[in-house]
Amino acid sequence: MTHFSAMSLLRNALTGHKNWREQWPDSQPKAEYDVVIVGAGGHGLGAAYYLAKEHGITNVAVIDKGWLGGGNTGRNTTIIRSNYLYDESARLYDHALDLWENLSQELNYNVMYSKRGVMMLAHNVHDVQSFQRHVHSNRLNGVDNRWLTKEEAKAFCPPLNISPDARYPVMGAALQMRAGTARHDAVAWGYARAAAARGVDIIQNCPVIAIRRGPDGSVQGVDTAKGFIKAKKVAVSAAGNTSVVMDSAGVRMPLESFPLQALVSEPVKPIFPCVVMSNTVHAYISQSDKGELVIGSGTDQYTSYSQRGGLPLIEHTVAAICEVFPIFNRMRMLRKWGGIVDVTPDRSAILGKTPVEGLYVNCGWGTGGFKATPGAAHTLAWTVAKDEPHPINAPFTLERFTTGRLIDEAAAAAVAH
Amino acid sequence: MSRYRIPGMGRVDPAATVSFTFDGRTYQGLRGDTVASALLANGVHLMGRSFKYHRPRGVVTAGSEEPNALIGTSRGKGRFEPNTRATVQELRAGLTTESQNKWPRLSFDIGAVNDRAYMLFSAGFYYKTFMWPRSFWDKVYEPFIRAAAGLGKSPTEVDPDSYAHRNLHTDVLVVGGGPAGISAALTAAKSGARVVLVDENPEMGGSLLSDPSVRIDGRGSWAWLAEQLSQLRAVGVRLMTRTTAIGYYHQNFVGLVERVTDHLDQPPHGAPRERMWHVRAEQVVLAQGALEKPLVFDGNDRPGVMLAGAAQTYLNRYGVKVGDNAAVVTSHDSAYYAAFDLVDAGARVAAIADTRDSVRPDLLDAARKRGIQVLTGHTATATEGRLRVKSVRVNPVRNGQVGAGRKIACDVLLISGGWTPSLHLFSHTKGSLTWDADSRTFLPNHKTEACQIAGAGRGLWGYGPVLEDGVKAGMAAAQALGRSAEGSDARVEGDRPGTGSSQKELPTDRSPGKAKAFVDYQNDVTAKDIRLAVREGMRSIEHVKRYTTNGMATDQGKMSNINGLMIAADALGKEPPQVGLTTFRPPYTPTSFGAFAGYHKGATFEITRKTPIDPWAEARGAVFEPVSLWRRAWYFPQAGEDMHAAVARECRMTRASVGMFDASTLGKIEVAGPDAVEFMNRMYTNPWTKLAPGRCRYGLLLGEDGFIRDDGVIGRMSQDLFHVTTTTGGAARVMNMMEDYLQTEWPDLDVWLTSTTEQWATVALNGPNARKVLEKLVEGQDLSDEAFPHMSVAECTVAGLPARLFRISFTGELGFEVNVPARHGLQLWKAIHDAGQQYDICPYGTETMHVLRAEKGYIIVGQDTDGTVTPQDAGLDWAIGKAKKDFVGKRSLSRPDIVAPNRKQLVGLLTEDGTKLEEGAQIVLDPNQSLPMTMAGHVTSSYDSVALGRPIAMAVVTGGHGMMGKTVHIPMPNGTIRATVTSTNFYDPTGERLKA
Amino acid sequence: MTTQRHEFDPTPFLVEELPWAPRFSLRVRPEHRAALAGALSLELPSKVGQRSTAAGTEVLCLGPDEWTILAQDADALTTASSAAYAQIPHSLVEISDREITLRISGAQALTALTTGCPRDVEAMPVGTGARTLFDTATIVLWRDDRQSFRIDVWRSFLPHVHAILDQVLVELKSGL
Amino acid sequence: MLLIHCPYCDETLPESEFAYAGEAHINRPADPSALSDEEWRDYLFIRTNARGPHYERWRHIHGCGRFFNAVRDTVSDRFLMTYEAGEARPDLTVKEAAE
């Protein structure tokens, strides 16, 4: 693998960039692997990388029905933060944040992790109570997050409208400085390149038809469009398509897949210095390093795999952005797109072992999957390698839906008076 | 008359001069011009700078697909917008425009040093560098990269304009007002269908506007067009110009954006700037035509290099000659017609270099007649000229070998790489495309929606076939609607048929690695970048796009996608369809945020619900808080009072005498029918069978998961009738949940639900003097404790109004809630207020309500519970009907982790040093542990209690119910606070005051 | 060619708030509809959207088991309802104060409604009604004539509906 | 925005009048207390999440107010049919054969 650096870039520039080699080979499946990972997004490729690097398991295939990074990894609004309320979530996302900090250097691939700060706006008394609860909980968990007055919020993000006459006036904000954004594609590519360099096969355009189980119930491998691939361990990390894949192994999942939309504006010179989220008006926004305003919308109300999404939802999101940032009213939307998010009943992920021996799952991230990428991948690799939960992913079991030990961040923010 | 304007040509009004400015200089154009055509008429080609290399750029197209000529446009304060396409913006009086992405000025831009370092800024270069030293990323590299971002400048002021929305239902929507669209619309309309025809241009006609020499049905094309438009109007077709179909959604739902005022000198008062149309059509006809592709070769981006079709449009539609001395490089017949029109208008065309080895003889003849030299089998290998093209270098290609080049001087270079059908909207529907090997283009294939595609969008060329195809599409749409439609033939003379070949980057005799052959103009993506991406393992077109940013500019790949694909496919040694096409996303062209938001701006951003008593509170100077969609009076400050003082006074006066509160926002549901009690038993945790009419009870509602969803007091009005109240925010949710169970689980029950939230206005009266105030107003009900004890309900008259009167309390004081028909709400409020004067009655808001209820330990669902709290956790076991076999959520209460010990349970907290805790503060048992700490719960409610003379708090604490009297710790940034666990019932624990 | 002309329209449509009137929500199982209609001396249309008028009382069928009644004689109705209840279980709830009614009429009344109603109002036959949406507010829409409509809006949603109609009025007056 | 046929109104109307209400034909057990924790979990949380025809519920919330059932292809979002609440799950193969 060519080491990436300013020097190698300069050297190649002088030779017309003719000597760059492929960042990962386009592999064809072997008959057998120690581990097969279904889904070549950031999570799947990351798990393969950590299996190889930290557990010495290099006979690994990552297979995808399409192109690597072509799912939610390449369709999200790239926000990274860890200021979650519950200990379980805070540990997981903060573990991810620790890995994000050095990911570019570790992978020798600049993922452009930008510590811009993520600011969450409080628009009513309930928001204030809820965010204060987050701030206090985060502090005792060692997660950075602090409370800003509305004037401090405005100073941090000048386009913000803090007029008391607004329909939802800003009453303050919670700010995590370590949080920010990263270049989503680069995460998948960086992991792919680093995993491939350690011997992992990345097999693209190879839909998984079924997970095959033996007479004893344990996993034997996967049937794919390119034939049967033998493996005693299979990890499914297929985002919105997880239900379908798991179903083939006889494991029914507490998941529903919804279309999630996002959009970008035309590019403009730097105007927006951070990430702002407003749950009350349903909007979140940042500015990319190309200058586009990147705006997250919500999910449509119905389950769907169509990746289309409707216009009214987008209208609402844009109206909400213009309510909070009225100077953007004459900006133009450049494109909007849809992804499929898999949502669990408590809106927290399922990460780890399943009732089937040799079958592991990483799913149910809703809209939170991108920020968790290194943390989820790292701990899943541990679980797959050792066949036991990692202390950080241990709470994120399937069993919690039977016993009632839910990790319900969304319910914790429920609004009612 | 401007230097390049040709009198007598074009559709602009020569009598109407319009002034505008560009980069501070004033120019004259004509009514009907775009900024681009007016600048070209003045000989200005340099209109912008590219994104990465800051290369000087001129206009490439004459339409909405323009990648280069992006400008800032303004009409005064708050009305500036960046990245406007000069090719679309119509001239209006007083329009000011500016170029972008340059410093200090357009003709001399420091940023162009990037162009020198071209080799360094290869595709994806930033992924490979800026990583060391680690700390430099945050402090040096990233700020530098970010500072270079963007093209135009963001608006910085609030937009004073308004935007509108409209719904429109129609039988047929035709997108594209060119020849195919017009004939489709007319054919469909003649069958009796309702037809809407939209076009993004200021006038209908499409390519006809650029081809006046063609004759249709014996008339010039413009006369034919005018006649067709009058026929369309006559048969009732709704013609919408300046209207872009931005997105094609499910089941023939199409979003249109109409630009209403941007072209007007003086918009009339009240006119919206833009209007979003939500169109639902039975049939959609897509007649969007085709887009011309540039040719990719070294120097194909200099100002003065433009698409041949664009030059033809500037000439015929705007009467503007784009240059005096043109050269042409083409791979398609269409460029010949542009050259012919230019020569016919008095310009010189030095040569046409055609990449093809053979060309139609009639074209060669026509060229020869006009003195144009045609060089077949040629490639272009370079251009010269810093701010305007001066020459093009062309070379013969024989058997794949590029021969010696020669320079052709020119002041404008017309290029054409052929045409690609405009299938963006079709792509939005997830319709599939098929690769046509002959024309080397993608054509529409499998349809997922009820639509027809007509004309150049299906790869057809020439007016004869296109008009015929439009008629066919109109007939097909009509027939799909069950109507009979008649076809018609158009006779076309002087048609301009054409074919062409599709190219990757043109062959060159120089080092391809050094060529600046642009594929995506705006993002400065070159052919070399695409090949590098492929070399680095980017095999899917999605990877190539993302790695190089090809097709991600504001033209959304309209200029660059197909060329990029051709080059990527060549590099991979595959056919283009095997490499794939990136998905087109809405909107078709960039669309202003305001158009999406429509009326949802400012005061009408979202509904603000107000109670009938709200005007009184407002007049009284109340401070309001938003609670779900409602605004509620938060507190009523008197002169000199802050919130703390006002709330303290309100609390004190209510406990001392009497207070009044507007509780109208509480949800109310009438549950009626013979099975009402059975329904209530199934829904709520409590038992209802034995509740006598005239009595009420606190009701607790769970989700099926066992967690608390809602609560409220429920009165039994009669055997078969319950008056249910819900939380303010929960009203709609609870109603929906009840309907769900009733309709789908228990349809056998004879029960009906009616929301009466807004039927009633509700005034709560609390305090030791509440009865004394109310007695004066009530008729038909004895209010004594014996006749009307706590938790009673009755129908009676209050202040002369029909009322439902509850004796209940959310404060721990003697309390009543009076419900009267909402139109009388304000009258009731005033009557009680008047009657209470002798007792110093005190209106209070939601904050005081919260304090008073917390003193009694009454929970607020959503504050003291959060969707993870069971009745046991909240200390509400008593509200569960133990004898009931089932109710919603009961089964979940016996799940292992729900019955496990050490769940977080609701308790009271009293701080040892008397400080007030912060709501949301976390509780620990061991204050000396290190981070991360093990947290045992958090403070849910915290207030200064006037009644108790100290702050009180409620909290959920692990195993809290078993910790009474024990000490917990609340670590705050500036020290840890100690608190004692107590009951939540802080005030009057025996409830004597309730019974007063 | 671009046009700079537009027609100013001083009265595109008229919005009037109608006076209070007794209004009820009636619910009964479809199989008991006919019997209850007899008992209440009402005509209860069986198809959603249909209306009836008799002796000044207007009825609109909103759902398979739901009718809105604008009663001429509210006392007579409630008395008849009470009398019939034991034999024909049903629910009659007064909602006179829940909604406020606007009349929207005039040459562009239909256009005004299309700014907020997603369904095809133009195709709605005169003399029918339906519960639907205007903007984000639930309304009951009555079509009384080609260009004359009533909308019943929940009291607290009315100012929002009114505010949007006001904007639409200004917009339509501009002629663009 | 989808277009949905309400079987009670017998009209095809825009999605904004309707509210999605989750998977259909998941009947609340007659006696929940008789269920094991696993069976109760299945009722509460396990969903088909079908890729393709999906049996689901909608409510015509800004219309007649009725809950009803629908079969919708979750890949194309196209409705195959809608039917009244309480009706048996339709056999799609029979329906296709009839067409």
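Everything numeric here is computed off the predicted structure, so don't read it as measured data. Quick note on labels: first sequence line is chain A, next is B, and so on, each numbered from 1. Scope of the values below: all heavy atoms of this structure, side chains included, with no hydrogens, waters or symmetry mates.
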Query raised in the report: Can you name the closest pair of heavy atoms from Cys64(D) and Glu66(C) and give their distance?
Result: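 Scanning both residues completely, I find the closest heavy atoms to be O-OE1, 4.0 Å.
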Query - Arg89(D) CZ: over 12 foreign heavy atoms closer than 6.0 Å - result: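 Buried by this count: over 12 neighbours within 6.0 Å.
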Requested in this report: Against chain D, work out which of Leu133(C), Ile139(C), Val48(C), Asp120(C) has the most heavy-atom pairs shorter than 4.5 Å and name it.
Outcome: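 Most heavy-atom pairs under 4.5 Å with chain D: Leu133(C).
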**Report entry** Most chain D-contacting option - heavy-atom pairs closer than 4.5 Å, from Val140(C), Thr138(C), Thr132(C)
**Finding:**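 Highest number of pairs under 4.5 Å: Thr132(C).
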Query raised in the report: Could you give the distance from CZ (Arg131(C)) to CD1 (Ile61(D)), rounded to the nearest 0.5 Å?
Result: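 Atom-to-atom, Arg131(C):CZ and Ile61(D):CD1 are 9.5 Å apart.
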Report task. Supply the atom-to-atom distance His62(D) NE2 to Cys117(C) SG, rounded to the nearest 0.5 angstrom. Result ->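 His62(D) NE2 to Cys117(C) SG: 12.5 Å, rounded to 0.5 Å.
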**Report entry** Residue part contacting chain C, namely of Glu11(D), when any heavy atom lies under 4.5 Å
**Finding:**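 When you check distances to chain C, only side chain atoms of Glu11(D) fall under 4.5 Å.
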**Report entry** Portion of Asp65(C) that has a non-hydrogen atom of chain D nearer than 4.5 angstrom
**Finding:**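 Contact with chain D involves the side chain of Asp65(C) alone.
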